[in-house]
Amino acid sequence: MQLYSFFNSSTSYRVRIALALKGLPADYRGVNIRTGEHRAPAYAELNPSRAVPTLVDGDFALGQSMAILDYLDQRHPVPRLVPLEPRLRARVLELANVIACDMHPVNNLRILKYLQGPLALSAAQKDAWYAHWAAEGFEAVERLLSRHGSGPWCCGDQPTLADVCLVPQVANALRAGCDLAPYARVLAAHAHAEQHPAFIAARPQAQPDYTP
């Protein structure tokens with residue numbers, strides 16, 4: 001397999017965690033989204049969304065991190081990211097989708113660039129936008145973890161899709177200078193995950209295209 005990734009992309013980070021948890025090797029292909037490499041015609045042919053990540057498995061290319069994570073779970077089900085038991089499965093997907101559907105889309109790089117480009121927002125306004133939506137999302141995640149969470153991970157004693165989504169989103173928020181002190185359960189789950197070898201291997205600074 002090949003993984004087209006950018007070291008600071010949270011969606012790429014999700015897939016790197018999953019590959020590491022499942023012990024699946026993949027050739028790393030760096031795509032610099034800051035300089036627009038994802039918009040090159042050859043890459044757009046590979047991924048019509050012109051985004052990262054893209055996973056290539058033989059003659060099968062797949063974009064969109066959540067689709068890739070589901071594909072990996074179906075093809076390589078040990079360890080499972082999404083449990084089979086219906087209620088636990090639903091709880092994992094609930095948490096993961098708060099992050100993947102509600103939080104990430106409004107705070108990703110292309111949105112922030114549009115705010116400062118065509119909409120001409122100042123850096124301070126852009127930062128306020130980011131902080132507002134991060135707080136909205138983490139408040140929801142914190143409530144869900146307080147109500148339904150158990151064990152050291154988001155949903156029990158093993159990492160799941162919820163943790164795979166949470167850790168990169170926390171990394172983004174910390175890099176943006178957001179105050180996460182109000183979210184004790186979020187920080188506890190993140191701190192626990194940060195000690196796991198798969199999460200360590202997937203960190204942005206461990207990637208071959210990393211630049212400080």
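Residues: numbered from 1 along the sequence shown. Basis for what follows: all heavy atoms, side chains included, without hydrogens, waters or symmetry-related copies.
In terms of modelled atom types and a separation under 3.5 Å, the side chain of Gln207 and the main chain of Pro204 share no donor-acceptor contact. Of the possible donor and acceptor atoms, none in the side chain of Asn32 sits under 3.5 Å from a partner among the backbone N and O of Glu37. Between the side chain of Asn97 and the main chain of Leu93, a donor-acceptor pair closer than 3.5 Å is present. A donor-acceptor pair under 3.5 Å is formed between the side chain of Tyr43 and the backbone N or O of Ala51. No donor-acceptor pair under 3.5 Å is formed between the side chain of Arg203 and the backbone N or O of Gln205. In terms of modelled atom types and a separation under 3.5 Å, the side chain of Arg16 and the main chain of Ala202 share a donor-acceptor contact. Under a 3.5 Å cut-off, the side chain of Glu142 and the backbone N or O of Arg185 do form a donor-acceptor pair. Although no hydrogens or angles enter the test, the distance criterion places a donor-acceptor pair under 3.5 Å between the side chain of Asp163 and the main chain of Cys154. Of the possible donor and acceptor atoms, one in the side chain of Trp129 sits under 3.5 Å from a partner among the backbone N and O of Val106. Side-chain N or O atoms of Glu85 include one that pairs as donor or acceptor with a backbone N or O of Leu88 at under 3.5 Å.
Between Trp153 and Phe199, the angle of the ring planes lies from 30° to 60°, which puts this pair in the tilted group.
Minimum interatomic distance between Ala189 and Leu166 (heavy atoms only, all atoms of both residues): CB-CD2, 3.9 Å. The shortest non-hydrogen separation linking Gly23 to Pro25 is O-CD, 3.5 Å. Of all non-hydrogen atoms in Asp179 and Pro182, the two that sit nearest each other are O-CD, 3.7 Å.
For the pair Tyr4 and Pro53, the minimum side-chain heavy-atom distance is 4.5 Å or more. A 4.5 Å side-chain heavy-atom check between Val92 and Arg87 finds every atom pair outside the cut-off. Under the 4.5 Å side-chain criterion, counting only non-hydrogen atoms from C-beta, Leu62 is not in contact with Thr54. The side-chain heavy atoms of Asn172 and Tyr13, taken from C-beta on, include no pair separated by under 4.5 Å. Between Leu95 and Cys155 the shortest side-chain heavy-atom distance falls below 4.5 Å. Side-chain contact check for Arg14 versus Leu161: every heavy-atom pair is 4.5 Å or farther apart. Using a 4.5 Å heavy-atom cutoff, the side chains of Leu144 and Val98 are in contact. Within the 4.5 Å cutoff, the side chain of Leu19 has heavy atoms near those of the Leu72 side chain.
Lys126 pairs by the salt bridge (charged side-chain N to carboxylate O under 4.0 Å, His left out) definition with nothing, not counting sequence neighbours.
Look at Lys22 and Asp73 and you find a salt bridge, because one of the NZ, NE, NH1 or NH2 atoms lies within 4.0 Å of a carboxylate O, short of that distance.
In this model, no donor atom of one side chain and acceptor atom of the other lie less than 3.5 Å apart for Asn8 and Tyr210. No hydrogens or angles considered: nothing links the side chains of Arg50 and His38 as a donor-acceptor pair under 3.5 Å.
For the atom pair CD (Glu194) and CD1 (Ile200), the distance works out to 7.5 Å, reported to the nearest 0.5 Å. Atom-to-atom distance recorded for His192:NE2 and Leu187:CG is 14.5 Å, nearest 0.5 angstrom. Taken from CD in Gln116 to NZ in Lys113, the straight-line distance is 10.5 Å, to the nearest 0.5 Å. Put simply, CZ on Arg143 and OH on Tyr183 are 9.5 Å apart, with the number rounded to the nearest 0.5 Å. To the nearest 0.5 Å, atoms CG (Asp209) and OG (Ser12) are separated by 8.5 Å. For the atom pair CG (Leu21) and CD (Gln158), the distance works out to 10.0 Å, reported to the nearest 0.5 Å.
By the criterion of side-chain heavy atoms lying less than 4.5 angstrom apart, applied directly or through intervening Ile, Leu, Val, Met, Phe, Trp or Tyr residues, Leu46 is not grouped with Met1; the two fall into different hydrophobic clusters. The hydrophobic clustering, which links ILVMFWY residues whose side-chain heavy atoms are closer than 4.5 Å, places Phe6 and Val164 apart. Under the 4.5 Å side-chain heavy-atom criterion for Ile, Leu, Val, Met, Phe, Trp and Tyr, Val170 and Met103 are members of the same hydrophobic cluster. Taking hydrophobic clusters as Ile, Leu, Val, Met, Phe, Trp and Tyr residues chained together by side-chain heavy-atom distances below 4.5 Å, Leu119 shares a cluster with Leu112. Linking ILVMFWY side-chain heavy atoms closer than 4.5 Å, directly or via other members, places Ile111 and Leu121 in a single hydrophobic cluster.
In this structure, Tyr71 has its ring center closer than 6.0 angstrom to the ring center of Phe60.
Within 6.0 Å of the CZ atom in Arg175, the count of heavy atoms belonging to other residues, nucleotides or ligands exceeds 12.
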